[in-house]
Amino acid sequence: MIIKKNKDTIQNYFEDNSGLRGAFADFVAVAETEDDIPGFLYEMSESETPVTVAGALTGNTASGLAFGGAVLSLEKLNKIGEVERIDDKNALITVQSGARICDVKLKTFSKGWMYPPDPTEKNASIGGNISTNASGGRGFKFGVTRDYVEALKVVFSDGSQSYVKRGEYFADKNGGITFDTSKGKKHIVLPKYRLPAVKNVAGYYNYPATDLADIFIGSDGTLCVIVEAVLKLIPHFKEVFGGIIFFETRGSAYEFVDKIKTISKKTEKENLKDSISAMSLEYFNKNALLMIKSDYPAIPENVEAGIMFEQDIYGDNFDILMEKWVEVISAGGVDLEKVWFASNLVQQEEFRVFRHRIPERVNEMIRKTNIPKVGTDFAVPEGTLREIVDFCDKEFEKAGIFNLTFGHIGENHLHANIIASNDEEYKQCKQMCVDIAQKAVELGGTVSAEHGIGKLKHILLEKMLGEEGFKEMAKFKKSLDESGILGRDNIFPKDYLQRIQ
């Protein structure tokens, strides 16, 4: 274990993409091997020293930022194992939690395989990816991160360790799970609140018959330290076809997405070979497009929305599928001159750079204003997206503060970013996010579909689960982290830990 205390040396551990300022710690402990961690956590637990786990520090909710105590950095735990082929459709790879997603993807691609989760920040660590269940744009077809985690090696704050294989431990009808650790058995009982039936990472996972592995995925560094993961891989597509379509009205963009979703679901359900099956459907509103207009001057004038789509292709039917997409686009009354097409992997990657340029620009603005980022991460049930976007627009119009919306429209999951230029606007932005969260909950949705709650969005989660939900989460956390040292103030206010006897 490397211990760093020099303030200048450790300053870079106190900044992430959230823009939150004022983070600090007494020291930073950099684990050199997995064996460093159990003893360190036991020592910190005995002295009741808070521990904040840091990976690549690319998060948006400040869950990796410490406010006192120690930072445990996993940056050196970055080993990536070899691809283990199971059969023609499945393979596994074992990686340490400090490995970066871009490196895992590069290695698996070189062997003809793919790790499907595709968060915007490619430099994020696998540990951070798992801790927030971030899945990115390709979740429409491939699902979320938890769908690709086959096993986890975790260390608890008492120094005990456990290797948790998917399918080994499940919650009983009362929410109880008993499992093995290096120091004996642990017994936990899941919280009783009800989570929404949408893409969700807000609150500890407690759906019926919960797999133990799923409890640690999305737990924001509050229950254990994830040191290693076994990830599921699928065959990499042979070719890709995609594009960006610019719409003169937002309604026409919605109609196009609805049509593609209907066709894609039928294709997958009936296992059709030569039919449209979107891999991703990404949305950009007018302001999001204007933000990157200087980077991409070819963006047409007077457009209200953009949709980026991807189709993965595994056979020799590229021309057939391309023709199908062109037919659907034309049938929707779209001017083909307002469509950018990509017909190979290199071109499609350029479009993905286009999509990622939007949050990059937002982060640049945040660094200039020195005011924390304020943004939504809601997901709502099918058929309710238009209602919540209209609600957001009315709120933004009343406030008169610059905003932009983009995200994973295929999953009814959008990120509305509100950019404050002063402290007064920042207060307004936070209140708007609360109101939007309340609306998402009323519609049966979630306040966070992939970024997590971290330290910045407690009040949003309270709108969803209430004060009783916070109490249940605090009680559950202490059943796995008795000393309460891990990720304090992540997910729910740390004060709730003091109320648990």
Side-chain angles (χ1 to χ4, degrees), residues 130-133 143-147 149-158 160-226 229 379 381 441 444-450 452-453 458 460-488 490-494 496-501:
I130 293 172
S131 292
T132 58
N133 197 34
V144 297
T145 293
R146 69 174 70 254
D147 298 324
V149 177
E150 289 297 301
L152 293 171
K153 185 185 290 186
V154 300
V155 184
F156 299 101
S157 61
D158 62 1
S160 63
Q161 305 172 62
S162 188
Y163 187 74
V164 182
K165 292 177 63 177
R166 184 169 293 283
E168 189 171 13
Y169 300 104
F170 294 96
D172 61 26
K173 63 181 180 180
N174 297 315
I177 305 178
T178 301
F179 64 97
D180 296 314
T181 78
S182 60
K183 293 187 176 182
K185 294 185 181 295
K186 286 187 184 293
H187 179 73
I188 56 175
V189 179
L190 300 179
K192 303 298 183 185
Y193 49 67
R194 178 173 293 182
L195 296 174
V198 296
K199 178 183 179 183
N200 174 59
V201 70
Y204 292 132
Y205 194 94
N206 73 340
Y207 292 96
T210 288
D211 189 302
L212 179 62
D214 285 321
I215 295 170
F216 304 127
I217 300 167
S219 61
D220 240 358
T222 62
L223 302 179
C224 62
V225 176
I226 298 170
V441 171
T446 179
V447 301
S448 180
E450 67 173 337
I453 300 300
H458 297 161
L460 306 188
L461 185 57
E462 186 175 10
K463 292 294 181 183
M464 185 169 136
L465 300 181
E467 186 174 351
E468 285 303 311
F470 280 171
K471 291 177 182 177
E472 288 184 61
M473 284 188 287
K475 182 178 180 180
F476 179 68
K477 171 180 167 58
K478 293 203 78 171
S479 70
L480 285 167
D481 174 24
E482 186 175 358
S483 57
I485 64 169
L486 293 175
R488 280 189 189 174
N490 286 354
I491 304 182
F492 57 88
K494 59 186 177 183
Y496 280 86
L497 291 172
Q498 299 171 359
R499 308 180 194 181
I500 305 301
Q501 301 299 322

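Quick caveat: nothing in here was measured; it's all calculated off a predicted structure.
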Hey, what do you get for [atom1] ([X]) to [atom2] ([Y]), rounding to the nearest 0.5 Å?
X      : Y      : atom1 : atom2 : answer
His458 : Lys463 : NE2   : NZ    : 15.5 Å
Lys471 : Tyr193 : NZ    : OH    : 15.0 Å
Asp220 : Tyr204 : CG    : OH    : 8.0 Å
Ile188 : Leu212 : CD1   : CG    : 5.5 Å
Asn200 : Asn133 : CG    : CG    : 9.0 Å
Leu152 : Cys224 : CG    : SG    : 7.5 Å

[atom1] of [X]: more than 12 outside heavy atoms within 6.0 angstrom?
X      : atom1 : answer
Lys186 : NZ    : yes
Lys192 : NZ    : yes
Glu168 : CD    : yes

- prompt: Aromatic rings Phe492 and Phe470: how do their planes relate, parallel, tilted or perpendicular, breaks at 30° and 60°?
  reply: tilted

Any heavy-atom pair between the side chains of [Y] and [X] that's under 4.5 Å?
X      : Y      : value
Leu465 : Glu462 : no
Thr145 : Glu450 : no
Pro196 : Met464 : yes

Derivation of the side chain to side chain contact (heavy atoms under 4.5 Å, CB included) call for Lys478 and Phe476: CA-CA 5 Å; Lys478 293 203 78 171; Phe476 179 68; over 6 Å; no

query: If you take all heavy atoms of Gly487 and Thr222, which pair is closest and at what distance?
result: O-CG2, 3.6 Å

- request: Measure from the side-chain N and O atoms of Ser182 to the backbone N and O of Gln161, and report whether any donor-acceptor pair falls under 3.5 Å.
  value: yes

- prompt: Given the rule in the side chain to side chain contact (heavy atoms under 4.5 Å, CB included) test, do Lys475 and Val189 qualify, once you have shown the distances and angles that lead to the verdict?
  reply: CA-CA 10 Å; Lys475 182 178 180 180; Val189 179; over 6 Å; no

- request: Might you work through the side chain to side chain contact (heavy atoms under 4.5 Å, CB included) test for Leu190 and Ile215, ending with a clear yes or no?
  value: CA-CA 9 Å; Leu190 300 179; Ile215 295 170; 3.4 Å; yes

task: Before giving the answer on side chain to side chain contact (heavy atoms under 4.5 Å, CB included), spell out for Lys477 and Leu497 the whole-Å C-alpha distance, their side-chain angles and the decisive distance to 0.1 Å.
output: CA-CA 9 Å; Lys477 171 180 167 58; Leu497 291 172; 3.9 Å; yes

message: Tell me whether Arg166 is salt-bridged to Asp214, with the criterion being a basic N under 4.0 Å from an acidic carboxylate O.
response: yes

statement: Residues at least two apart in sequence or cross-chain that pass side-chain contact (heavy atoms from CB on, under 4.5 Å) with Lys185, listed by chain then number, are Thr178, Asp180

